[in-house]
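Let me begin by presenting the structure, written as C-alpha cells, before commenting on it.
Each chain gets a letter, A, B and so on, in the order its sequence line appears, and its residues count up from 1. These numbers were taken from a predicted model, which means no experiment stands behind them.
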Amino acid sequence: MNIFSEVEARVSTALEALKSEGTLPADLSLPVFDAEPPRDPSHGDIAVNAALVLAKAAKMKPRDIAEALKAKLEAHSDIAKIEVAGPGFLNITFKDEVWHNLVRAILNFGGRYGAGPVRDAGKLNVEYVSANPTGPMHVGHCRGAVFGDALANLLVFAGYDVTREYYINDAGGQVNVLARSAYLRYREALGEDIGAIPEGLYPGDYLKPVGEALAEQHGHSLVSMPEEQWLPIVRAFAIERMMAMIKDDLAALNIRHDVFFSEASLQSGGADLIKAAIEELRQKGLIYEGKLEKPKGHDDDEWEDRVQTLFKSTAFGDDEDRALQKSDGSYTYFAGDVAYHYDKLRRGFRHLINVFGADHVGYIPRIKAVVAALSDKYADLDVKVVQLVRLFKAGEPFKMSKRAGTFVTLRDVVDEVGRDPVRYMMLYRKNQETLDFDFAKVTEQSKDNPVFYVQYAHARSASVLRNAIEQIPGLDVSNAALGEADLSILTDPGEIDLVKRLAAFPRLIDGAASAHEPHRLAFYLYDLASALHSQWTRGNDSPHLRFIQSNDGVATSARLALIAATKTVIKSGLEILGVEAPDAMR
RNA sequence: GAUCCCGUAGCUCAGUUGGAUAGAGCAUCUGCCUUCUAAGCAGAGGGUCGCAGGUUCAAAUCCUGCCGGGAUCGCCA
C-alpha cells in the first residue's frame, strides 16, 4: 500500500513497453529513478524523474522521453492529469478517489498500515545500551538506549527479523572494583566502621543494599576469607544485582532486550570463544606477532615497546593493527569483542547494528574490520553513533560528577520528566547531532515539548469520535463501519492534504528503516499532527468543515473515516517511538 | 599528528539518500475561544545553506582543499 512504489512499478512497465515499441533503444538498461512527493504542491502529487535519469543513455531529450511516458501512463483510470514540467519531470496528479480509497485502505489495515512485508533479508541484530554493570544508569545512557529501542521497533515494523541485544561488560577490571566496593558495604552492613570510601572504589549509596544482602546471605563468613576467595562470590552477586537494577531502569523507559550477552561467558564452562575467534582470524592470515608504534599526540610514560599478538585491522581500513593480549597474557577488551561479534555471526545474523556513544567513535574502524574479516562480507555492520547529551539546568551547563553528588540517574529523569517526553526529546534529533537537554525546560515548560503536540492530535481525534457517538446515537465509528462510508464529500484541500500525508507514511517507514534513522518518524508525526490541528481549527471559521455535522450523517461518516485513519497512523508511529498515544490529555 | 561528528533564519533544528521557487519550532509583530479540547490555528518579517573550487540536465545534499566548533586516540572498559 505504497502509492509511490506503485507508480514506480507502473513507470517501469511503461518503459519496457517503450523499449519493445522501439521508442527507446531496446538494449537500454533501466536506471534507478524516483517517484517522490514534490515540495511544491503545484507540481502534482507525485514527481517522477525517470526521463531525466534516462536521457543520456537513451541519447534523447528528457522532455521527449517524458512525453512518451506520459502517453503510456495517462490512460490509467485513477489519474487526473500528467504534466511534463521543468527539465523533464513527470508530474502526476491523482483523482480524489485515489485518496478516498487510501483512507479505506488505512482503516482496513489498521495498525498494520505502513508495516513492511516480511523481508527475506536475514536476521538482524541491534546491540544497544551495553552499559557497564557497575551502577545505575545515568542520563548519558538514556539517548543510546532510547535510540536503539526505537530503531529496533522501527525495523520490526518495517518487516525485519530483529533481535535486541545487550552486551554485559562483566569481565574486565571494573567489575573487580565493583566487587571490592560491594565488599566494603558488606562489612559496613555487619557493623564495621568503614570510614570514607577510598579513592578508586565506587562510593554510591546504591551498593549499600547489596552489602546488606550479602551480610544476610553469608553472615560473617566472607570476612575471614582471603580476597581471591570472596572476590568471585561478591562479584557475581553484585553484577547480578546491578543488572537487575539496570533492567529495572530500562523498564522505566519501556526498553527491553531479547538477549543479554555476558562478556565473561566467552570464556566459561570450558569454552573459549576468544581463542576460537582468534584461531579463525589466524587461518585467514590476519594474526601476527609484532610491535606497535607509540601513539602520537600525547605523552605516555607507561608505553611499553614489546612484541604482542596483533590483528591486522589495517587490511580493512583501520589506522593501525590492534592488540589482542595484554602484557600479563590476558586478553584485551577488544579480543572479547572480536569473539562476541564472531559469535553473533555464528548465530546467523546477516545485519549487525551497534549503537555507540560518541566517546567510542575511535573504536568503530577496528570493530568493522573484525566483522568484515570474519563474515567474508556476507554480513554488514552499521555503527550508529549517538552524540553527546549536554545537560542544562535553566540554561546553565551542568556537569555530572559521581563524587560531587551531581550524578543524575536515568531514573531521576524519568520520574521527574516522565517517560514519554524523555523518549520523544531523545528522538526529536538525528543521532549524529549533539543534544541539549535542559531540565528546567523539559520539566517546567513541558508544553514546548513536541511530544504533547503529537499526543494532543491523537487525543483530539479520539475526542471527536467520542463526541460523534454522543451526538449521533447509534453511530458506528469502528474502522470497519467507517470503511464502508461514502467518502466522496472529502474534497476540501485541507482534507486531501491530510490524506496525502497519510499516504507518505509507508514510504517514510521504508526510508527511515533502511537509513536506520528513527528521528525521521518523530518529525513526520509532528507534521502530521500539525495538518490535523490545522484542519480542526478551520472548522471554527467554516462550520461546514467540522468533522461532526450533526444533520448530515454522510458527511460526518466521511470525516470520521478521515480522522480515524489519521488517528491510526499517529498511533502506529508513536508506538514505534515507544510513546503512549493517549485518548485524552490530562 | 590522525580519525569521526557538526556548521542551514536572531536561537534550536529538519531537509524524504542528487530534484524544480530552501522548511519547522522558539523569539518578534498582527489576528482567531458564545465554537467538535486555544496543550490549538491563520498571517507577517527574517537566508551568501561556513568559504573556495570540482562532478552534471540538476548540489544544502556527492568529491577535493581550507576555516570554525565538538568528540576521540591506550595492553582502559
Axial cation check for A:Phe4 ring with A:Arg507, 6.0 Å and 45° limits: yes

In whole angstrom, give me the gap between the P atoms of B:C11 and B:G19. 27 Å

Is A:Arg466 close enough to B:C36 that one of its side-chain N or O atoms is under 4.0 Å from OP1 or OP2 there? no

Quick one: look up who B:U3 pairs with, Watson-Crick or G-U, both distances under 3.5 Å, and put none if it's unpaired. B:A71

At less than 4.0 Å, is any side-chain N or O atom of A:Lys326 found next to OP1 or OP2 of B:A77? Yes or no. yes

Side chain of A:Lys430 only, please: which of B:G40, B:C32, B:G15 is the nearest? B:G15

If anything within 90° of 0 is syn and all else is anti, what is B:U17? syn

Report yes or no: is there a donor-acceptor pair, N or O only, under 3.5 Å between the side chain of A:Arg546 and the base of B:U35? yes

For B:U17, does either OP1 or OP2 sit under 4.0 Å from a side-chain N or O belonging to A:Arg507? yes

For RNA chain B, whose closest nucleotide is more 5', that of A:Asp328 or that of A:Leu435? A:Leu435

Roughly how many Å apart are B:G70 and B:C63, using the P atom of each and rounding to a whole number? 25 Å

Polar side-chain atom of A:His341 near backbone of A:Asp337 as donor-acceptor pair, under 3.5 Å: yes

Using purine N1 to pyrimidine N3 plus N6-O4 or O6-N4 for Watson-Crick, or N1-O2 and O6-N3 for G-U wobble, both under 3.5 Å, which nucleotide pairs with B:G19? B:C57

Look only at the side chain of A:Ser542 and the backbone of A:His544, and say whether a donor-acceptor pair between them is shorter than 3.5 Å. no

Using heavy-atom distances to pick each residue's nearest nucleotide on RNA chain B, tell me which of A:Gly173 and A:Asn91 is more 5'. A:Asn91

Using nucleotides 68-71 of chain B, report all nitrogen or oxygen pairs with the protein that are shorter than 3.5 Å.
{"residue": "B:A71", "atom": "O2'", "partner": "A:Ala358", "partner atom": "O", "Å": "3.3"}

